[in-house]
Amino acid sequence: DPVNVFAAASLKNALDAVSEVWKAEAGKETKNTYAASSALAKQIEQGAPADVFISADLDWMDYVAEKKLIKSDTRKTLLGNQLVLVAAKDSGLKLEIKEGADLAGALARGKLAVGDVKAVPAGKYAKAALEKLGLWASVEKSLAMSENVRAALALVARGEAKLGIVYATDAKAEKEVAVAGVFPEDSHPPIVYPVAVIVSSKNADAEAFVTYLSSPKAQEIFTAQGFTILK
Amino acid sequence: MTGLSEEDWTAILLSLKVASVATLASLPVGLALAYILARFRFPGRTLLDGLIHLPLVMPPVVTGYLLLLSFGRKGPIGAFLDECCGLVFSFRWTGAALAAAVMGLPLMVRAIRLTLESQDRRLEQAAGTLGARPLFVFATVTLPLALPGILAGSILSFAKALGEFGATITFVSNIPGETQTIPAAIYTFTQVPGGDANALRLTAVSIVISLFALIASEILARRLNRQVASFS
Amino acid sequence: MTGLSEEDWTAILLSLKVASVATLASLPVGLALAYILARFRFPGRTLLDGLIHLPLVMPPVVTGYLLLLSFGRKGPIGAFLDECCGLVFSFRWTGAALAAAVMGLPLMVRAIRLTLESQDRRLEQAAGTLGARPLFVFATVTLPLALPGILAGSILSFAKALGEFGATITFVSNIPGETQTIPAAIYTFTQVPGGDANALRLTAVSIVISLFALIASEILARRLNRQVASFS
Amino acid sequence: MIEIDVGLARANFTLAVKFTAGEGVTALFGESGAGKSTVLHLVAGLLKPDRGRIVVNGTVFTDMAAGIFLPAHRRRIGYVFQDALLFPHLSVRQNLTYGRWFTKAEPNGITLDQVTELLGIGALLDRRPTTLSGGERQRVAIGRALLASPHVLLMDEPLAALDIDRKREIIPYIQRLRDELKLPILYVSHAIEEVARLADRVILMAQGQVKSDGPPQQVLSPKAGPGDDRFARASILTTTKPSYDPDYQLTQVSHPAGAITLAGRLLPQDGPIRVVIRATDVTIALSKPRELSIRTALRGKVSAISEPLGAVVMVEVELEGGEILAAAVTRKAVDELGLGEGDQVHCLVKSVSIDDRLMAIKD
Amino acid sequence: MIEIDVGLARANFTLAVKFTAGEGVTALFGESGAGKSTVLHLVAGLLKPDRGRIVVNGTVFTDMAAGIFLPAHRRRIGYVFQDALLFPHLSVRQNLTYGRWFTKAEPNGITLDQVTELLGIGALLDRRPTTLSGGERQRVAIGRALLASPHVLLMDEPLAALDIDRKREIIPYIQRLRDELKLPILYVSHAIEEVARLADRVILMAQGQVKSDGPPQQVLSPKAGPGDDRFARASILTTTKPSYDPDYQLTQVSHPAGAITLAGRLLPQDGPIRVVIRATDVTIALSKPRELSIRTALRGKVSAISEPLGAVVMVEVELEGGEILAAAVTRKAVDELGLGEGDQVHCLVKSVSIDDRLMAIKD
Ligand SMILES: Nc1ncnc2c1ncn2[C@@H]1O[C@H](COP(=O)(O)OP(=O)(O)OP(=O)(O)O)[C@@H](O)[C@H]1O
Ligand SMILES: Nc1ncnc2c1ncn2[C@@H]1O[C@H](COP(=O)(O)OP(=O)(O)OP(=O)(O)O)[C@@H](O)[C@H]1O
Ligand code: MOO
Ligand SMILES: [Mg+2]
Ligand SMILES: [Mg+2]
């Protein structure tokens with residue numbers, strides 16, 4: 001049987017590639033199901049036939065862990081990501097992001113597109129970082145929150161929003177935007193993608209796949225997509 | 001040639017199956033509800049009406065979540081149906097069909113109800129004087145006269161089923177080959193860089209399917225239209 | 001008491017405004033489209049019909065994205081409307097209303113079209129013989145006779161507007177007080193572990209609003225129903 | 001046998017009728033809005049009265065006090081509605097045979113072929129009702145009711161939209177239904193001649209009430225006539241022993257007051273033959289005239305002359321044998337002839353003015 | 001003035017009619033399905049012919065060759081439809097006044113009060129059409145058409161659902177419209193008497209074709225009559241100089257062949273007065289009779305006797321002055337009286353059998 005992987009939607013490109021390599025190497029298959037981490041977590045709670053869960057943030061992995069739905073010994077933190085400030089490609093805008101940076105000035109009364117600061121992981125990180133850097137108050141009223149980080153990116157790419165805060169992985173692939181600045185690592189909680197095997201899984205290959213996710217081959221694919229590998 | 005991957009085709013065929021089954025399965029239910037709402041006054045009627053509209057009023061994600069809670073493997077209805085009839089919805093294509101049917105139901109019911117309410121009820125009464133029992137009247141007069149509404153309701157429901165996403169992905173997730181319908185596949189594409197072209201291709205497929213369904217319904221409707229009077 | 005925060009109330013009032021404006025604004029458009037589809041045969045008719053159904057067929061997110069492309073500040077229509085009439089949709093509640101209107105349009109058009117197609121057209125012709133110009137006939141005969149459909153279409157559109165989420169958040173984002181409607185607020189709650197209770201509270205508000213709308217429409221409809229013949 | 005005693009209150013209209021109608025045709029007669037159609041709806045079970053009973057052929061259709069209300073489909077009625085009410089989604093043929101689903105082909109039943117032949121709708125069978133002319137629609141509605149093998153017929157102005165030739169073809173058939181199948185028939189019509197010829201009993205209605213009720217001789221006779229309309233008055237004479245003269249194609253029937261000549265040949269029928277004579281068709285002569293084209297002269301003596309109010313007075317003549325014949329005569333003629341009660345007179349009736357085709361007479 | 005020359009092909013029916021109808025009432029007469037309503041639809045602009053022209057009062061309504069098709073709302077017609085077609089969402093009052101929106105109150109126009117009075121629908125003004133009886137609906141439909149101040153009236157069996165009293169009240173009004181407003185009126189009816197009294201011209205239709213077309217005298221007269229129906233035959237005499245006898249409430253009009261007595265009083269009108277006499281109402285006498293209640297005896301000589309086929313023959317009498325009067329007489333009477341062409345006869349007509357109320361005579 002293929003391994004049923006429930007993964008945050010933003011991992012699709014990378015994870016599909018890893019699955020392919022794994023299939024070629026180990027002869028085993030996975031079936032990858034992508035959705036918002038929140039939806040996946042609740043579905044696992046309701047008995048979804050998942051073997052492996054990869055969340056886009058800690059909160060939802062903690063949620064399933066608390067309900068004792070994952071094998072805690074298989075949990076690990078797989079990947080990291082960076083938070084960047086993006087602007088339209090032709091704006092030529094560059095901004096060093098630090099305490100006291102003039103983000104509001106750079107916005108010039110335009111909108112700052114982010115993921116939903118309560119709901120979407122990228123949004124939550126963005127809010128944490130802005131607060132940490134003391135910029136929150138100056139831009140709070142300018143936020144345009146989206147259902148997911150890709151939608152936020154689209155707003156910048158389409159010129160609707162002046163600036164956006166997204167993952168480096170997304171910024172990298174969108175030709176219409178340029179990275180205007182990178183948020184310091186310590187300005188927000190570590191951006192992590194935790195992974196674990198589900199308690200109810202009876203698939204013997206599940207743990208093997210999780211292990212494979214940390215193999216050099218897999219890591220190469222992840223880094224190529226812009227993810228960082230956490231030690 | 002088409003630029004569609006095998007996975008795309010799987011999603012397309014699944015969507016067709018889900019939308020067809022959802023429409024057909026919700027037809028009798030929609031018809032019964034429309035009939036009850038159109039023809040009877042009883043306490044709780046407005047509540048029933050409100051209930052039917054719920055999938056429209058609630059965000060699809062909430063509908064999906066409520067479906068998950070009630071029709072999931074651990075939900076009360078889901079567990080019962082599993083036990084009694086071996087009918088499992090959770091994380092199956094049947095669940096996707098259920099979600100689509102529920103989301104399309106208010107549209108189906110309204111359309112049918114509209115034609116039922118605009119019918120000249122004296123025709124039913126005339127059928128009664130000829131000896132037809134109520135059920136026969138329903139089958140031979142009420143139902144045929146409501147066909148335009150049934151057709152319109154089916155088309156709306158089918159189209160909605162093709163596009164339904166929020167409730168489906170929340171209820172039965174997005175499992176390739178099982179619950180990954182076209183909209184779920186599109187969603188996945190939009191969540192990663194560079195997926196837009198794929199998303200648009202699939203969207204186009206949806207549109208073509210719905211156009212075919214529309215054309216078929218128009219042809220049928222034109223046949224029915226004869227019953228409306230006009231001098232010319 | 002109600003357990004509703006100030007932000008919740010903002011979302012509720014906004015949702016009411018958005019749903020009302022969306023319904024009212026789409027009425028004339030829906031009416032015109034329904035009339036054209038019901039009464040005229042022309043090349044491209046099926047295409048127009050298909051176009052109207054698109055918001056149903058496409059995942060809402062895609063609809064929202066297409067709205068962004070066309071009605072956004074940089075979109076061709078959006079730019080034009082901004083320039084000519086100062087009408088801006090992006091990140092405004094007007095955009096949320098536009099999204100809701102577009103999503104509800106297929107429902108509105110179908111309902112109106114159904115009643116238009118089941119009308120006895122000889123009544124319009126009778127009005128013509130009495131000297132009424134087509135526009136007057138439309139206003140005094142066609143329109144009043146289509147009221148049940150207009151009412152049904154409005155209710156469907158209003159309910160859909162209350163529940164619309166995917167297209168709205170994609171098009172105009174989720175800005176508290178400006179574009180954060182009830183569903184957007186609910187969505188936010190559902191994405192936070194433990195937010196379910198808040199989400200349900202807001203959902204209940206939506207349901208209550210829609211029930212009120214339904215009751216109002218039922219009362220109106222009962223008045224109109226007199227025109228259907230029956231012996232008893 | 002139809003027994004009705006019901007009450008019904010509507011916003012603008014109150015109905016309270018009570019009558020019994022035996023076998024045969026009972027005509028409901030009366031002005032527009034009098035409540036004729038409402039009575040039929042009540043008998044058909046399409047309307048519930050506020051109070052009262054309706055019993056037909058011994059079956060209790062409605063009894064509000066006992067909480068009985070037999071649904072329409074169990075009443076075995078054939079209803080020809082005032083506005084046809086054909087099923088728009090069915091072909092003419094399907095409309096006609098709709099009632100057939102619920103009745104085993106009854107031995108006495110009329111067949112589809114007979115109905116299409118009688119009503120002249122053979123060419124319409126595959127058409128849709130919306131493409132029919134007004135009269136065609138009405139004929140299909142009649143056929144649909146007949147083919148349901150009803151035990152009671154309710155007919156609401158069934159012939160109003162038809163041309164005279166077609167009317168004259170259909171009326172004898174309704175008479176045959178009445179006579180052969182012994183169906184009770186409730187028949188609404190505004191045409192006195194139709195009513196006079198067909199009805200065994202006439203119920204005259206006005207404003208939801210029965211104003212007059214009895215055999216047509218009585219209800220349509222001078223004293224009880226509806227309104228002051230001389231054209232609405234007719235007398236009905238009971239005659240016997242028809243004999244046919246094939247040379248002149250005339251039928252003679254016997255009446256105590258003299259022979260009555262009718263044009264054409266009577267269909268074979270048992271029992272007495274009713275001849276309806278309109279008051280305007282009767283001429284009064286003091287002596288039996290000669291050199292006149294009139295064939296029928298009935299002896300009698302003047303029994304009453306109505307109040308001399310307008311231009312026309314009604315002269316009632318008690319014919320030999322006791323039946324009353326009414327004649328409409330100008331007041332001037334009464335004066336000039338010096339007519340008074342008790343005078344012996346001859347009542348002249350043109351045979352040609354008696355509409356034989358309405359009487360089941362065959363040319 | 002209405003000029004029609006059109007063709008129309010339908011799946012089961014082909015229409016090809018050509019006729020001209022002057023001022024006054026033109027009756028369309030003919031069996032069910034003959035195409036009468038179709039002609040009205042064409043004149044109203046509710047139907048496009050395949051070919052042909054329709055010109056009314058000098059205005060080209062339709063000219064297919066020239067690509068002219070005036071829309072219905074610019075034709076200024078008043079159309080009384082065969083099935084009423086009231087607006088179900090409007091009250092009776094709103095239905096009645098619907099046409100008023102498009103016409104400035106015209107000097108000659110009839111008022112709402114007059115219409116409700118004439119049609120007896122005053123009590124219905126606030127009702128909905130679905131709650132009306134069949135006859136009430138039809139009356140409202142007539143009122144609605146009249147109130148639109150039309151320049152042409154199209155009436156499709158407008159009186160079919162009405163009782164006789166109501167009919168007799170409405171007909172004189174239609175005559176007044178004809179005479180005072182000089183409206184051309186196309187009038188479909190199955191009732192010969194209605195047609196005979198009202199029509200200036202009768203178009204007899206069958207199977208989509210005009211079978212006969214001319215003044216009623218001609219179309220409804222013996223030779224050209226519809227079918228073999230003696231009841232459909234009537235003669236029309238042109239009379240002058242009405243004089244009224246207030247004592248007896250009788251009107252006498254002059255005719256070269258003798259005076260004709262009518263019951264009641266003529267409404268004041270100019271010009272000659274048309275008297276319609278049904279063939280079945282004429283009795284032939286060889287000598288002028290006495291002691292008879294008949295008031296009218298017209299002199300003339302037999303000009304033709306129809307083929308002696310059935311029981312009844314038509315005797316045509318050329319009255320003094322040249323007009324023809326048809327009498328329906330049994331063949332036996334012809335033989336017994338020894339009637340032959342050229343014989344001098346007296347034609348007796350009962351005044352009471354002439355339906356004065358259909359003639360704009362007032363009691
Ligand atoms: N919409 C239609 N489509 C096809 N045939 C039609 C349509 N309307 C009428 N006809 C046919 O055309 C013929 C003439 O119809 P029309 O209504 O003119 O008859 P009519 O003379 O008015 O008859 P009636 O006295 O019964 O009303 C009929 O045979 C009828 O069946
Ligand atoms: N649905 C209704 N609601 C209220 N009043 C009604 C309704 N139907 C009929 N009436 C009224 O009841 C009265 C009797 O109607 P009905 O139809 O029995 O008359 P009718 O004798 O058949 O007249 P007609 O000869 O004109 O058909 C009328 O005054 C009519 O206005
Ligand atoms: O009701 Mo939705 O926003 O089409 O999934
Ligand atoms: Mg009636
Ligand atoms: Mg007709």
Side-chain angles (χ1 to χ4, degrees), chain A residues 2 4-17 19 29-51 53 56 115 119-120 122 146-151 153-154 157-158 166-177 200 225-226, chain B residues 5-7 10-11 59-79 82 88-93 95-96 99 165-181 183-199:
Chain A
N4 275 313
V5 181
F6 273 35
S10 51
L11 289 169
K12 178 179 164 60
N13 282 0
L15 203 58
D16 279 352
S19 289
E29 285 191 55
T30 65
K31 191 189 252 183
N32 301 338
T33 296
Y34 302 103
S37 307
S38 57
L40 295 172
K42 286 175 185 168
Q43 286 164 351
I44 288 167
E45 186 185 359
Q46 292 298 321
D51 297 311
F53 176 37
V120 180
S146 292
E147 179 201 5
N148 57 64
V149 68
R150 297 278 314 161
L153 185 65
R158 294 292 314 157
V166 300
Y167 293 131
T169 47
D170 296 308
K172 189 170 176 178
E174 175 59 69
K175 287 184 229 43
E176 295 298 318
V177 303
S200 61
Q225 297 279 340
Chain B
S5 70
E6 200 183 322
E7 205 175 322
T10 311
V61 177
V62 174
T63 307
Y65 190 55
L66 293 180
L67 282 175
L68 183 63
L69 290 183
S70 42
F71 284 89
R73 207 183 293 269
K74 301 190 178 158
I77 309 177
D82 188 1
V88 178
F89 291 112
S90 65
F91 308 109
R92 297 273 172 84
W93 72 268
F165 158 67
T168 309
I169 200 170
T170 311
F171 178 25
V172 290
S173 199
N174 183 6
I175 305 170
E178 187 71 39
T179 63
Q180 185 173 69
T181 54
I186 292 174
Y187 166 77
T188 315
F189 282 128
T190 62
Q191 290 311 294
V192 289
D196 287 2
N198 286 323

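The chains referred to below are lettered A, B, ... by the order of the sequence lines, with proteins before strands, and numbering in each begins at 1.
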Legend entry - Rounded distance [0.5 Å steps], CG in A:N4 versus CZ in A:F53: 14.0 Å
Legend entry - Reported CZ-to-CD distance for the pair A:R150 and A:E174, which is rounded to 0.5 angstrom: 6.5 Å
At a heavy-atom separation under 4.5 Å, does [X] approach chain B through its side chain, its backbone, both, or neither?
X	result
A:A36	both
A:Q46	both
A:L40	side chain

Inset, instruction - Among A:A171, A:A35, A:A50, A:A39, single out the residue with the greatest number of heavy-atom pairs under 4.5 Å to chain B. - result: A:A35
Inset, instruction - Give the member of A:D170, A:N148, A:N32, A:V149 that has the highest number of heavy-atom pairs under 4.5 Å with chain B. - result: A:N148
Inset, instruction - Would you check if the side chain of A:S37 reaches a backbone N or O of A:A56 as a donor-acceptor pair within less than 3.5 Å? - result: yes
For residues 165-176 of chain B, tabulate all N or O donor-acceptor pairs below 3.5 Å that involve a side-chain atom, not counting sequence neighbours.
residue: B:T168; atom: OG1; partner: B:E164; partner atom: OE1; Å: 2.7
residue: B:T170; atom: OG1; partner: B:G166; partner atom: O; Å: 2.6
residue: B:S173; atom: OG; partner: A:Q43; partner atom: OE1; Å: 2.9
residue: B:N174; atom: OD1; partner: B:Q180; partner atom: NE2; Å: 2.9
residue: B:N174; atom: ND2; partner: A:Y34; partner atom: O; Å: 2.7
residue: B:N174; atom: ND2; partner: B:T188; partner atom: OG1; Å: 2.9

Inset, instruction - Output all residues satisfying side-chain hydrogen bond (donor to acceptor under 3.5 Å, both in side chains) with A:T169, sequence neighbours left out; order by chain, then residue number. - result: A:N81
